[in-house]
Amino acid sequence: MLLSAVAVMLSVAFVCGTLVFTDTMNTTFDKLFAVTGADVTVSPKAAEDGDELPGSGRPEVLAGSVLEQVRRVEGVADVQGGVLSMSVTLVNGKNENLGSTTGAPTIAANWSASELKSMKIASGREPSGPGEMMVDADTARKHGLELGQELRAITVIGDVRARISGIAAFTVTNPGAAVVYFDTATAQEKLLGAPGVFTHVAVTAADGVGDEQLKRNVAAAVGADTYKLQTAKESADAGRKDVASFLNVMKYVMLGFAGIAFLVGIFLIFNTFSMLVAQRTREIGLMRAIGAESGQVLKSVVVEALLLGVIGSALGIGAGIGLAVGLMELMGRMGMNLSTDDLTVVWTTPVTGLVLGVVVTVVSAFIPARRAGKVSPMAALRDAGTPGDRKAGRIRAAIGLVLTGAGAAGLALAVAADRAAAGSAWLGLGVVFTLIGFVVIGPLLAGIVVRLLSAPVLRPFGAVGRLAERNALRNPRRTGATAAALMIGLALVACLSVVGSSMVASATDELDRSVGADYIVQSPAGQPVVPQAEQALRATAGLDHVTAYRGVPAKVTAPNGRTVDEEVSVTDPSYAQDVRRKMTAGEHPQAYGAGAMSVGSLYAAEHGVKVGDELTVAFTGGKTARLKVAAITSDDGNLDKGVMYVSTATAGQYVPADRMPRPFMLLAKAADGKAEPAYAAVKAALAPYPQYQVLNQTDYKENLKDQVGQLLNMVYGLLGLAIVVAVLGVVNTLALSVVERTREIGLMRAIGLSRRQLRRMIRLESVVIALFGALLGLGLGMGWGAAAQQLLALEGLKVLEIPWPTIIGVFAASAFVGLFAALVPAFRAGRMNVLDAIAGD
């Protein structure tokens, strides 16, 4: 019962910990947004209309005259012009990037009175002149920065070298952004490239004037449709919306893994109560004989489960809060600062944990409780643990075969699908039905698979091995349920391993076939390539050419009149050499002619576009162009699938230079015979810009493999909880099995079985059950993964790769899991007194 309570506790802890952790993050961001927003903020209208080009590195700006306009508005107490840019990299004297490692931006701004709402100067003074800057205290502490130390800020305007004049501390929790301040004139020149302009204006209301009223007054003075106006509440709501998508994804992913742990826990609790009821058969029969009704017996077991659920859930709620604190500490070490002062436990969290834990426990115990209620008074005259009804076993096997067959048909339909959307639905149904089918059919499979595993695993141990085999086969329903808990976790591990390996193998194959460039330069954080870095690369000796790759949002209208939003890829003509795209019509280099473009084959088929047709392309932030389709690229692949190409020269005719996005990737090809020296030269040229990676094709493949590997490791870690609960299930089953076989163990000891042989018998039984669950789980998971890969093949990921080292390693590790699970039950069995065991009932 204690182990069952621990299983409930772990599952509830995962749910409550997730909810507390994400609620705390929400509270942290809410406090930050609440203090950083002005009563009314005025910013360029382009930010609201979506006209600001991502990756340009130059924010939309307001003329300095706007400050004077707003200052004269009725109800205004103060006006501060703000400069803010997030296209900045802060570097120390060792050329180390001082930015966040968690994806949070590096923010560069001007120091003004508005900043005092969220910051205070902890040491030194505010910056004055182009040679000074101020950094936030968290960044200074993390990297050991001191007053007077020189840093370099890399912007799209140019590099800024300045000494630290002061260190500013957040008055609320900083979630992890690195912040650097300049004086206003320096910020305007170095971040915006023009004096006297601002990215926003912060307006403070006079006493007695509400934010909404102030907003109306400002709108009347400057024009309601001329600028974007937001109250403090609207700014905070916009900020919450920006982070909500990230927080919600993280929250629901973690809750999904908590759900898997709950599912595994169901098998543990079901097994526990099934064995308890079986052991109490004579006791329940006696109670029935002296007048207990079947409903009373059922209620007694249900109440027992209810108490277990309440206790386990209560412990889980407390453990969940501790887990949330642990996650906050872990995130702090990774660079995201979360203070325990903001720890948020809303009333719905413990209620959710309690309800989930109790409901799952009671539902899991209901079938054994119902079985207990059906025990007849005559059962008191029989031995405990009478075998189950054979007819019910046959019906169960038939249902399991039908469900498994339906699931296999679903997977087959997914593999045969010609569209990913339709195939995904069949894949989901196939996964669900095969999983349920294997759980239901587990007892039938136990009789077959355990015998097959016993030949190489148990038979070499002689009589002890045969006893372990018979113990595992004695109650196939119990063995099947115990193995099913382990099967679920390992099936997901195998499935994701196959998908991850196939993705890497497919991408590697595509790179080998399609990429002609020798080197790729890009930022892991998605930052645009600053002009000085691009110039350094183009000036590198030993290169044949350098290709800039950028994306420009546009509205593309086909000849049929249908308009879609696209990100047109703007590249140099040399891109046709860097990436070998297969064509369905025309030639790739023709797409880079004057007034020409290319489209993908899927777009062409959907809109009836042919070579020679003209498309209307309205570039965001620029003019509208009429471009002729000169080539149609094949979308039968995963590299640049669906991309529309336009030359840099053509796009430059319609998008002003100051509105053109910076490249997010540079491709370079070495001159003949100079691959190795050119690679070293490229690395040396870009060494001053640590925000970028320089990768050759081998590096790129390894980088891709590492990224997928890190993602899979994170998933395996989350699945680890479910596997821990499954191991508890094996421990529980063995422990109860030892109690159930007390007299039998005593008799075997009496006729000569040694303590060592007894412990080995229990360990071997545990190993074969674990291997049985692993074999089912890995086989099922590989089937799911293979079916999923066939769907991914429709998106261009055509290589199926089974990661046999991982599969074999997991299978072998399952044997050690079985050994570990058997340690305590085997130890307890070995300590039994022979005479007491024989006399036990």
Side-chain angles (χ1 to χ4, degrees), residues 7 11 255-274 356 359-368 370-371 388-389 391-415 423-450 475-496 498 719 722-723 725-726 729-730 733 769 772-788 791:
S11 302
L255 288 177
F257 285 100
I260 294 170
F262 266 117
L263 181 62
V264 173
I266 286 173
F267 291 100
L268 190 160
I269 298 163
F270 175 83
N271 246 12
T272 299
F273 279 91
S274 294
L356 278 174
V359 168
V360 166
T361 307
V362 172
V363 169
S364 304
F366 182 77
I367 293 178
R370 187 167 172 269
R371 195 179 299 148
D389 181 32
K391 181 180 178 182
R394 288 194 296 269
I395 294 173
R396 175 189 177 120
I399 293 173
L401 288 171
V402 170
L403 289 171
T404 303
L411 294 178
L413 289 170
V415 169
S424 298
W426 287 117
L427 177 65
L429 289 173
V431 168
V432 171
F433 276 100
T434 50
L435 177 61
I436 297 174
F438 265 53
V439 170
V440 175
I441 208 175
L444 177 63
L445 294 174
I448 301 170
V449 178
V450 169
N475 192 327
R477 180 182 295 174
R478 179 194 305 164
T479 299
T482 304
L486 195 59
M487 176 189 75
I488 294 170
L490 296 185
L492 291 169
V493 168
C495 175
L496 293 170
V498 171
L719 282 173
I723 294 174
V725 175
V730 178
T733 298
I769 291 174
F772 169 49
L775 195 62
L776 294 187
L778 294 174
L780 193 59
M782 285 192 289
W784 293 348
L791 282 182

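All figures in this text were calculated on a predicted structure; none of them were measured in a lab.
In this structure, the side chains of V363 and I266 stay at 4.5 Å or more apart for every pair of heavy atoms.
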Can you give the donor-acceptor pairs under 3.5 Å from side chains of residues 778-785 to other protein atoms, not counting sequence neighbours?
from, atom 1, to, atom 2, distance (Å)
W784, NE1, T434, OG1, 2.9

Please list, one pair per line, the donor and acceptor atoms closer than 3.5 Å that link side chains of residues 479-488 to other protein atoms, with sequence neighbours excluded.
from, atom 1, to, atom 2, distance (Å)
T479, OG1, A472, O, 2.5
T479, OG1, N475, O, 3.4
T482, OG1, N271, ND2, 2.6
T482, OG1, R478, O, 2.9
T482, OG1, T733, OG1, 2.9

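Applying the side-chain contact (heavy atoms from CB on, under 4.5 Å) test to V432 and every residue at least two apart in sequence or in another chain returns I436. S11 meets the side chain to side chain donor-acceptor pair (under 3.5 Å) test with no other residue; sequence neighbours excluded. Listed by chain and number, the residues in a side-chain contact (heavy atoms from CB on, under 4.5 Å) with S274 are F270, P368, R371 (sequence neighbours excluded). Residues satisfying the side-chain contact (heavy atoms from CB on, under 4.5 Å) criterion with L427, sequence neighbours excluded, are L411, A414, V431, A787, A788, L791.
Residues A397 and L444 approach most closely at CB-CD2, 4.1 Å, considering heavy atoms. Of all non-hydrogen atoms in R477 and P443, the two that sit nearest each other are CA-CG, 3.6 Å. Here the shortest heavy-atom pairing between V725 and A7 reads CG1-CB, 3.9 Å.
Across T404, L403, V402, a single residue satisfies side-chain contact (heavy atoms from CB on, under 4.5 Å) together with F433, and that is L403.
To the nearest 0.5 Å, the span separating CZ on F366 from OG1 on T361 amounts to 15.0 Å.
Applying the 6.0 Å contact sphere to CD1 of I367 captures no more than 12 heavy atoms from other residues, nucleotides or ligands.
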